[in-house]
Amino acid sequence: GLCNMGKINNAFEVMHRMIQNGCIPDCKIYTELIAGLCRDKKVDDAKRLLIKMSERGCLPSIVTYGILVHGFGKNGRVDEACQILEEMMLAGKTPNAVIFNSLLDVLCKTGRSQDAQELLLLMREVSCAPDVVTYSILIDTSCKENRLDEAWCLLREMINIGCVPNVVTYTTLIHGMCRQDDIDGAFQVLKVMSERGCMPNVVTYSTVIDGLFKAGRDGKAVELLVEMVEK
RNA sequence: CGAAAAUAAAUU
């Protein structure tokens with residue numbers, strides 16, 4: 001609770017007080033503190049706490065490592081994020097899809113496609129199945145790098161392997177099409193997703209509305225805004 | 001003991 005309120009220091013105070021009272025913090029408490037530190041961009045402190053918890057006999061969980069990977073990645077320290085992944089594997093923990101996805105996203109967003117490909121291979125090696133988030137990240141990357149054909153291939157591929165696209169996946173594609181000035185295509189996707197039982201949300205609508213305004217189709221944009229409010 | 005806790009999309 002204190003971490004969520006941004007009061008990390010108070011959270012640490014509580015931990016120290018509980019130790020004084022003979023109550024031993026468990027892995028989850030350390031994990032929360034590490035998350036709080038990462039949220040405050042204090043990733044070095046977070047890393048130190050990971051080491052400290054191990055020394056105190058608390059093994060970091062897969063979630064603890066995930067938080068750190070994400071913390072380093074989101075703070076532009078991609079190599080160190082990769083390093084945490086290696087460390088966890090050395091510690092005998094197999095990364096799950098959340099961790100792979102987190103790292104995959106920063107690799108893609110920083111243009112390190114070679115490393116991203118290698119990470120996908122590693123994911124296969126450890127039998128971690130790509131999920132809807134993995135595909136959404138890849139589709140987003142293809143779209144932002146103007147490879148719409150590739151994005152569509154990925155959509156087909158995920159459906160083929162039984163991975164169901166969700167509202168984020170479709171919204172990502174819609175955004176990609178708007179960026180290519182293919183507003184009509186974007187509308188098609190908007191229609192298709194609903195037909196497949198995936199309801200557009202406020203982000204989906206704002207993506208299309210933004211695309212319409214940028215294409216100078218103000219009337220249509222307002223029309224869609226009204227439709228969104230009505231629905 | 002415990003899914004209590006970590007990842008992807010628009011605008012800014």
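Chain letters run A, B, ... following the sequence lines, proteins first and then strands; every chain starts at 1.
- Checked by atom type and distance alone, the side chain of A:His175 never pairs as donor or acceptor with a backbone atom of A:Thr171 at under 3.5 Å.
- For the pair A:Asp26 CG and B:rC1 C1', the computed distance is 12 Å after rounding to whole Å.
- To the nearest whole angstrom, the two C1' atoms, one in B:rU7 and one in B:rA3, are 15 Å apart.
- A salt bridge links A:Asp45 to A:Arg48: at least one charged side-chain nitrogen sits closer than 4.0 Å to a carboxylate oxygen.
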With sugar-phosphate taken as primed atoms, P, OP1 and OP2 and all else as base, the protein-contact string of nucleotides 3-9 of chain B at under 4.0 Å (heavy atoms; B, S, -) is -BBBBBB
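- In this structure, A:Lys231 is not positioned above the aromatic face of A:Tyr205 in the sense of NZ or CZ being under 6.0 Å from the six-membered ring centre and within 45° of the axis.
- Taking 4.0 Å as the cut-off between side-chain N and carboxylate O, A:Glu223 and A:Lys220 count as a salt-bridged pair.
- Defined by atom type and a distance below 3.5 Å, a donor-acceptor pair is missing between the side-chain atoms of A:Thr169 and A:Thr172.
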